[in-house]
Peer 1: 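Sharing a structure below in structure tokens format, with a few things to ask.
Please read these numbers as outputs of a predicted model, since none were measured by experiment. If you read the sequence from its start, that first residue is 1, and numbering goes on from there.
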Amino acid sequence: MNLKSEPAPDDTDYLGRNGCGIAADLTLPPTDRGQHAWLTLAACSILEALVWGFPFAFGVFQEYYARQEAFADQLSSISAIGTTATGVMYCSAPLVYDILRRFPDHRKIFSVAGYIILLASVVGASFANTAGQLLATQGITYAIGGSFHYFPAFLYLDEWFVERKGLAYGIFIAGAGASGVAIPFAMEWILNTWGFRTALRTWALISFVLTTPAFFFMKTRQPDQYAHRRRPKLDLTFLKSPALWILLLGNAIQSIGYFMPLFYIPSFAVTQGWSSLSGTIAVALCSAANALGATCIGWLVDRYDVTVALNLCAAGTTTATFLFWGFAVHEAMLYVFAFLYGFFAGGFPATWSGCGKVVQRTYRVEMGMIISLFTASKGIGSVISGPIGGALVAADAWAGARVGYAYGSGYGYVIVLTGVTASFTTLGWMGKKYGVV
């Protein structure tokens with residue numbers, strides 16, 4: 001069986017340069033290499049790290065808010081802030097992308113406008129006195145600003161990277177994992193030392209200092225004289241692709257279980273009699289491995305058929321979950337699980353560009369639109385995983401029974417669900433075996 005990936009048409013193959021119907025211009029900077037391409041990737045990765053790193057670290061804010069007398073009777077609203085921020089950003093991806101592709105010459109304007117809204121939401125949250133105000137600012141408004149600030153990065157990456165698109169997306173996604181190592185520890189220290197108002201204003205200042213220079217390196221390959229041209233109307237015939245729906249289904253099911261360890265590792269560690277720091281270290285290890293895994297998986301997608309990466313992610317995640325988390329009776333086992341899970345499960349989104357190439361073999365569709373659909377399907381998983389996880393913990397009949405190891409810790413059902421849902425990423429391989437993918 002030939003495992004080498006087939007070349008997929010780039011957006012420029014059928015839309016002209018960058019979807020504008022312009023003939024190829026040999027004076028343009030080269031793709032996949034050169035100073036401009038790598039600086040654009042670095043700038044986009046900074047956006048990824050800051051926009052997603054903050055809501056991913058909401059656990060430390062939630063724990064802090066729950067201890068404050070002003071929010072003590074509003075815990076349900078507090079717990080909804082983090083999931084609202086990530087859920088809205090995930091699920092709004094197709095809509096935001098469609099707006100951006102219609103006005104590609106305004107992408108930086110949209111990004112800057114979203115950036116201003118994002119900063120205003122963080123600063124506004126620092127003046128909040130109720131959980132509802134925090135939900136409106138740190139949750140909803142942050143998500144709206146973050147979506148428009150962050151998603152133009154996909155358009156820039158599509159222009160600059162063709163043959164190395166998988167690697168570029170992997171490095172891009174790795175930004176959130178890298179920031180996830182430091183942000184929780186830093187925010188927890190500031191919260192416990194100076195309070196949430198100072199923590200939020202400090203984060204706004206950090207974002208301003210790091211993001212503002214990045215804007216100057218996010219450059220388009222499209223000449224200014226063509227900037228006024230719009231992309232053609234989106235052709236939705238690609239939605240007829242069975243490969244798309246098979247791959248989306250595997251992605252959505254994997255996402256349901258993906259968030260479970262991130263939600264429950266800290267409480268699992270305490271249940272096992274370990275210090276709360278153990279859970280924090282495990283989450284940080286998961287984030288660090290996420291950065292490494294996304295880069296490696298992206299590199300793999302560029303060189304082999306995407307089903308190779310899908311199967312590798314499934315095998316690695318299920319082994320890590322059932323073997324290392326399921327038998328985590330010592331802290332070291334938990335740390336091994338966290339690293340392996342972060343590498344394989346956290347690196348899984350780097351396969352999205354490879355999934356997009358599968359669809360592009362038959363249909364003329366932009367990679368950014370496909371990525372937005374995978375992002376939205378992950379958002380659906382993130383929204384429903386919270387209630388499902390809570391129900392599983394409450395109904396876990398293995399707790400206190402004769403079920404051994406971590407399976408009897410009260411999180412046995414969660415462990416099983418995480419492993420089972422991870423195996424559904426092999427749907428792409430099954431579809432390939434039957435000639436559908």
Peer 1: Is it true that a side-chain atom of Q68 and a backbone atom of Y64 form a donor plus acceptor pair closer than 3.5 Å?
Peer 2: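 Present.
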
Peer 1: Is T137 reaching over with its side chain to a backbone N or O of V122, donor-acceptor style, under 3.5 angstrom?
Peer 2: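 Flag not set: sc T137 to bb V122 has no pair under 3.5 Å.
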
Peer 1: Taking the side chain as every heavy atom from C-beta outward, state whether T198 and S126 have any atom pair closer than 4.5 Å.
Peer 2: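 T198 vs S126: side chains apart.
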
Peer 1: Picking from I99, L373, I370, what satisfies side chain to side chain contact (heavy atoms under 4.5 Å, CB included) with P94?
Peer 2: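 Result for side chain to side chain contact (heavy atoms under 4.5 Å, CB included) with P94: L373.
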
Peer 1: Got more than 12 heavy atoms from elsewhere within 6.0 Å of NZ, K219?
Peer 2: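 Atom NZ in K219 is not packed in, count stays at 12 or less.
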
Peer 1: Who passes side chain to side chain donor-acceptor pair (under 3.5 Å) against T317, sequence neighbours left out?
Peer 2: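 For T317, no residue satisfies side chain to side chain donor-acceptor pair (under 3.5 Å) once neighbours in sequence are set aside.
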
Peer 1: Can you see which heavy atom on A136 is nearest to which on T141, and at what distance?
Peer 2: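 Nearest heavy atoms, A136 then T141: O-OG1, 2.6 Å.
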
Peer 1: Quick one: CE on M218 to NZ on K108, what's the gap to the nearest 0.5 Å?
Peer 2: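 Output value for this atom pair is 6.5 Å.
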
Peer 1: Looking at F215 versus Y115, is the centre-to-centre ring distance below 6.0 Å?
Peer 2: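 Centroid separation for F215 and Y115: below 6.0 Å.
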
Peer 1: Before we go on, tell me: are the rings of F268 and Y264 under 6.0 Å apart, centre to centre?
Peer 2: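 No, the ring centres sit 6.0 Å or more apart.
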
Peer 1: Contact between K432 and V358 at the side-chain level, heavy atoms closer than 4.5 Å - yes or no?
Peer 2: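 SC-SC contact between K432 and V358 ruled out.
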
Peer 1: Rounded to the nearest 0.5 Å, how far does OH of Y341 lie from CZ of F344?
Peer 2: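 Here the interatomic distance stands at 13.0 Å.
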
Peer 1: Side-chain contact, heavy-atom cut-off 4.5 Å: S255 with I380?
Peer 2: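 When only atoms from C-beta onward are counted, I380 and S255 do not touch, as no gap falls below 4.5 Å.
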
Peer 1: Quick one: does R197's side chain have a donor or acceptor within less than 3.5 Å of a partner on A128's backbone?
Peer 2: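 Indeed, once roles are kept as given, a pair shorter than 3.5 Å links the two residues.
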
Peer 1: F196 and ring-ring contact (aromatic ring centres under 6.0 Å, His included): which partner among F58, W203, Y65?
Peer 2: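 That would be Y65.
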
Peer 1: Any chance the rings of F348 and Y258 have centres within less than 6.0 Å?
Peer 2: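 Centroid separation for F348 and Y258: 6.0 Å or greater.
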
Peer 1: Quick one, M89 and V51 - any side-chain contact, counting heavy atoms below 4.5 Å?
Peer 2: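 Yes, side chains in contact.
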
Peer 1: Tell me, do F154 and I371 make a side-chain contact under 4.5 Å, heavy atoms counted?
Peer 2: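 Contact flag for F154/I371 side chains = yes.
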
Peer 1: Salt bridge check, R361 against D305: does any charged N sit closer than 4.0 Å to a carboxylate O?
Peer 2: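 A salt bridge is present here (some side-chain N lies under 4.0 Å from a carboxylate O).
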
Peer 1: Name all residues meeting the ring pair (Phe, Tyr, Trp, His ring centres under 6.0 Å) criterion together with F56; count only those two or more places apart in sequence or in a different chain, and write none if there are none.
Peer 2: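 Residues passing ring pair (Phe, Tyr, Trp, His ring centres under 6.0 Å) with F56: W52.
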
Peer 1: State, without any angle test, whether S267 and Y411 hold a side-chain donor-acceptor pair at a distance under 3.5 Å.
Peer 2: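 Their side chains do contain a donor-acceptor pair, which is all the 3.5 Å distance test asks for.
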
Peer 1: Does the ring centre of W38 sit less than 6.0 Å away from the ring centre of F161?
Peer 2: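 Yes, the ring of F161 comes within the 6.0 Å limit of the ring of W38, centre to centre.
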
Peer 1: Can you see which heavy atom on V437 is nearest to which on A243, and at what distance?
Peer 2: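 Closest pair (atom of V437, atom of A243, distance): CA-CB, 3.9 Å.
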
Peer 1: Could you tell me whether R107 sits above the aromatic face of Y156, with NZ or CZ closer than 6.0 angstrom to the six-membered ring centre and within 45 degrees of the axis?
Peer 2: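 Flagged: R107 positioned over aromatic ring of Y156.
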
Peer 1: Could you tell me whether a side-chain N or O of D158 sits under 3.5 Å from a main-chain N or O of G368, the two making a donor and an acceptor?
Peer 2: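 Yes, D158 side chain to G368 backbone: donor-acceptor pair under 3.5 Å.
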
Peer 1: A282 and A338: which non-hydrogen atoms are nearest, and at how many Å?
Peer 2: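 Heavy-atom minimum between the residues: O-CB, 3.2 Å.
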
Peer 1: So among I183, I190, L191, which one has a side chain to side chain contact (heavy atoms under 4.5 Å, CB included) with V60?
Peer 2: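 Of all the options given, the one that passes is L191.
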
Peer 1: Going through the checks in order, is the side chain to side chain donor-acceptor pair (under 3.5 Å) test met by S377 and N251?
Peer 2: CA-CA 7 Å; S377 69; N251 181 72; 2.5 Å; yes

Peer 1: Looking at every non-hydrogen atom in both residues, tell me the closest pair between P261 and W325 and how far apart they are.
Peer 2: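 Closest approach of P261 to W325: CG-CZ3, 3.7 Å.
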
Peer 1: Given 3.5 Å as the limit, does a donor-acceptor pair link the side chain of T362 with the main chain of V359, or not?
Peer 2: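 Pair absent, no side-chain N/O of T362 close to backbone of V359.
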
Peer 1: Could you go step by step and tell me if E159 and T220 meet the side chain to side chain donor-acceptor pair (under 3.5 Å) rule?
Peer 2: CA-CA 7 Å; E159 289 185 17; T220 176; 2.8 Å; yes

Peer 1: Does any non-hydrogen side-chain atom of T319 lie less than 4.5 Å from one of L340?
Peer 2: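 Heavy-atom side-chain distance check fails, nothing below 4.5 Å.
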
Peer 1: Identify whether the distance between the nearest side-chain nitrogen and carboxylate oxygen of D302 and K357 falls below 4.0 Å.
Peer 2: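 The answer is yes: the pair qualifies as a salt bridge.
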
Peer 1: Within a strict 4.5 Å, meaning less than it, do heavy atoms of the K165 and L157 side chains meet?
Peer 2: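 Not touching, per the 4.5 Å side-chain cut-off.
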
Peer 1: When you measure from the side chain of T426 to the backbone of S423, do you find a donor-acceptor pair of N or O atoms at a distance under 3.5 Å?
Peer 2: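 Judged by distance alone, yes, a pair lies under 3.5 Å.
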
Peer 1: Is any side-chain heavy atom of F208 closer than 4.5 Å to a side-chain heavy atom of L119?
Peer 2: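 Counting from C-beta outward, F208 and L119 do come under 4.5 Å.
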
